[in-house]
There are 2 protein chains.
Amino acid sequence: MLTQAAEDYLKSIYKLQEKGGKVSTGILAEYLDVKPASATGMIKKLKSMNLVSHQRYQGVTLTDAGKAVALEIIRHHRLLELYLNKALGVPWDGVHEEAEKLEHVISEDVEARMDEFLGYPTADPHGSPIPDKNGVVPETQSIPMTDIQNGQSCVVAEVSDDDSALLRHLGSFNLYPGTAFQVLEVAPFDGPFTIDIAGQQAVIGREVAKNIFVNKVDTIDIA
Amino acid sequence: MLTQAAEDYLKSIYKLQEKGGKVSTGILAEYLDVKPASATGMIKKLKSMNLVSHQRYQGVTLTDAGKAVALEIIRHHRLLELYLNKALGVPWDGVHEEAEKLEHVISEDVEARMDEFLGYPTADPHGSPIPDKNGVVPETQSIPMTDIQNGQSCVVAEVSDDDSALLRHLGSFNLYPGTAFQVLEVAPFDGPFTIDIAGQQAVIGREVAKNIFVNKVDTIDIA
DNA sequence: AAATTATTTTAGGCATAACTAAATTATATA
DNA sequence: TATATAATTTAGTTATGCCTAAAATAATTT
C-alpha cells in the first residue's frame, strides 16, 4: 500500500506532466507546497518502487505503473466529486475538498458501485474527464477562454476545481460546464470579457477567465 | 484534530464501557490488539486532552467530551454502514470494513446529507442503534439469544457487525434484524439451538447464538 | 570562466504509535 | 501478614513517514 503523501505526489506529477512534459523537482515542490529537498526525497522513494523515472537534475516522469496509480486516484477523485454532487447534493464548490480526503480510502468495490449509479460518466462537475477503470482518459479539446475573440459563441467545457470561492463566483453567473455564452466585448490591454449568458450580461475578469476552458460553437441555441 | 488511532481508542473505550463499567488497561489493550504498555501511553495522551479520566491502576472512563467524540465516530460508522448498504447495495457483510476507513474522514455535512437520504434512521444494517446528531443513543432492550428457552418466539434485534464470515452465515438463514423465528429445541449441555424461520428449520451453534440479540414476542406472524 | 540558479545530498527534527524490559502497585493466597 | 501472582506503569527503544536547513554538486546563464 502507498501512503497518502505518495499518492498525492503521483497525482501531482501526472497533472504537471499533462501541462508541460518533464516535471522538475522545483515545480513539483512548489505545487505541493514543500521544499525541494522534500520532493527529492519522495522522488527517490517512488523511484525505488518503480513508479517514476528520474535521473539527477533531469526531472521526473511517471512510469506506466506510476501513471496507472495516478489515474486511479484521479478517477477516485472525480467520480467522488460527481457522486457527492449528484447523489447527495453537495454543492459544486464543496466537492473537491471532500473528495480530496475520500479518494485515498474508498475501495474499488464502492467505486464501481458509484460508477454504475452514475451511469458510467465521463466528466466530473467541473468538466474534468473521468478516466475509465482501465485508465483511459476521455479525449477533450477545449481551449482557454482567454483565446476567444469578440463575437464568438462558446460552451463551457471545464473549470478549475480547487478554488471554491471562484466556483461560487462562476456559479452565480451559471457558468457550469455545458452553459453556452457569447463574448460581446474583450477590453483592450488584457482587460475583462463582457459576455452574454442566456440574455444576461456579465463581466468576467481575465484572471477568472484563465480558469475557464471552452468549446467554440457557431451559434447559440436560444432556449 | 484527533489521530485515527486516538479516535479508535475512544470508540473502543466507549464500547467496553457499555458492557462493564470501568475499562482496565489490559482489557482495552486486548480489544485493540496492542500491548498494555501501548494502551497506557495513549490513555495518558487522551487524558492530557481531557477526553478520558484515569487514575493509575483504576481503569479509564470517558469524560463528557470524550464520550461526545466516541459517539460521533460511532454515528459516522453506523450511518455509513446503512448508507453503503441502502444507497450503493454493498452487502451487509462488507459494510463494516468499508465504514471503518470512511468514518475517520467523512465531513459533518456529508453525514447530514446521508442521514436525510436515509430518513433519519435509528439502526444500522446489523441492528446497532445510531446515535443522533446530539449524541443521544436510541434505547434498545434486546437480550442474548442464549437466554431464550424452548418454544419461545423472538425477532432478531441486533448481531455483531465485525465478523463477515459470521454475517454471511447468518444471511444464509435470513437472520437479519427484524426476522422472526421460534426456538424449537435447545440441546442440553450448552448445545446448539434448533429454530424455525418462516417454516424452514435451522441449527444454530452456541458460539453463533452468542452474537445474536433478540426481542421476545408472544406469537410469530405467519406471513 | 565566473556567477547564478537549481537540484541533490546530508544530517537531523518532529510526530505518531508501536514495542520490550524492568519497576511498581494491587490483589489473591497461604 | 507475608508472599506470590497479576496488572499496570515507567523508561527507553524502534520504526515509519515526512519534513527542513545547510552544504555540496550540477546545470545554466552572462
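Remember, it's a predicted structure, so these values are computed and weren't measured experimentally. Labels below follow one simple rule: chain letters A, B, ... track the order of the sequence lines, proteins then strands, and each chain is numbered from 1.
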Review point. Would one find a side-chain N or O of A:His54 under 4.0 angstrom from OP1 or OP2 of C:dT7?
Key: no

Exercise for review: Would you tell me if any nitrogen or oxygen in the side chain of A:Thr40 comes within less than 4.0 Å of OP1 or OP2 on C:dT9?
Suggested key: no

**Study point:** Whole-Å distance separating the CG atom of B:Leu28 from the P atom of C:dA18
**Key:** 11 Å

Exercise for review: In whole angstrom, give the distance that lies between atom NZ of A:Lys44 and atom P of D:dC18.
Suggested key: 15 Å

**Study point:** Under 3.5 Å on both distances, the Watson-Crick or G-U partner of D:dG17
**Key:** C:dC14

Exercise for review: Could you tell me whether the phosphate oxygens of D:dA27, OP1 or OP2, come under 4.0 Å of any side-chain nitrogen or oxygen in A:Arg56?
Suggested key: no

Review point. A:Asp33 CG to D:dC19 C1': how many Å, rounded?
Key: 12 Å

**Study point:** Gap between atoms CE and P, on B:Met49 and C:dA17 respectively (whole Å)
**Key:** 9 Å

Exercise for review: Flag the pair A:Glu207 and A:Lys210 as a salt bridge only when some basic side-chain nitrogen lies within less than 4.0 angstrom of an acidic carboxylate oxygen.
Suggested key: yes

Practice item. Look at the side-chain N and O atoms of B:Ser24 and state whether any lies under 4.0 Å from the OP1 or OP2 oxygen of D:dA7. Key: no

Check your understanding: Are B:Lys35 and D:dT8 close enough that a side-chain N or O sits under 4.0 Å from OP1 or OP2?
Key -> no

Check your understanding: Whole-Å distance between D:dA7 P and B:Tyr31 OH?
Key -> 20 Å

Check your understanding: Mapping A:Tyr57 and A:Ala6 onto DNA chain D by nearest heavy atom, which one lands closer to the 5' end?
Key -> A:Ala6

**Study point:** By salt bridge (charged side-chain N to carboxylate O under 4.0 Å, His left out) - contacts of A:Glu108 (at least two apart)
**Key:** none

Point to revise | N or O in side chain of A:Tyr9 less than 4.0 angstrom from D:dC19 OP1/OP2 | key: yes

Practice item. Examine D:dC18: is either OP1 or OP2 under 4.0 Å from a nitrogen or oxygen in the side chain of A:Thr3? Give yes or no. Key: yes

Check your understanding: Expressed in angstrom and rounded to an integer, what is the separation of B:Gln4 atom CD from C:dA17 atom P?
Key -> 9 Å

Check your understanding: Does A:Ser38 or B:Gly26 map to a spot on DNA chain D nearer the 5' end, using the closest nucleotide for each?
Key -> B:Gly26

Revision key, fill the gap. Out of C:dT9, D:dT9, C:dC19, minimum distance to the side chain of A:Ala37 belongs to C:dT9

Review point. Could you give the CD-to-C1' distance, from A:Glu7 to D:dG17, as a whole number of Å?
Key: 14 Å

Point to revise | Rounded distance in Å - CD1 (A:Ile43) to C1' (C:dT7) | key: 10 Å

Exercise for review: Considering only NZ, NE, NH1 and NH2 on the basic side and carboxylate oxygens on the acidic side, decide whether A:Asp161 and A:Arg78 come within less than 4.0 Å.
Suggested key: no

Review point. Within the side chain of A:Arg113, is there an N or O that forms a donor-acceptor pair under 3.5 Å with the backbone of B:Gly89?
Key: yes

Exercise for review: Give a yes or no answer on whether the side chain of A:His126 reaches the backbone of A:Asp162 with a donor-acceptor pair at less than 3.5 Å.
Suggested key: no

Practice item. Would you mind classifying the nucleic acid contact of B:Ala5 as base, sugar-phosphate or nothing, using non-hydrogen atoms under 4.0 angstrom? Key: sugar-phosphate

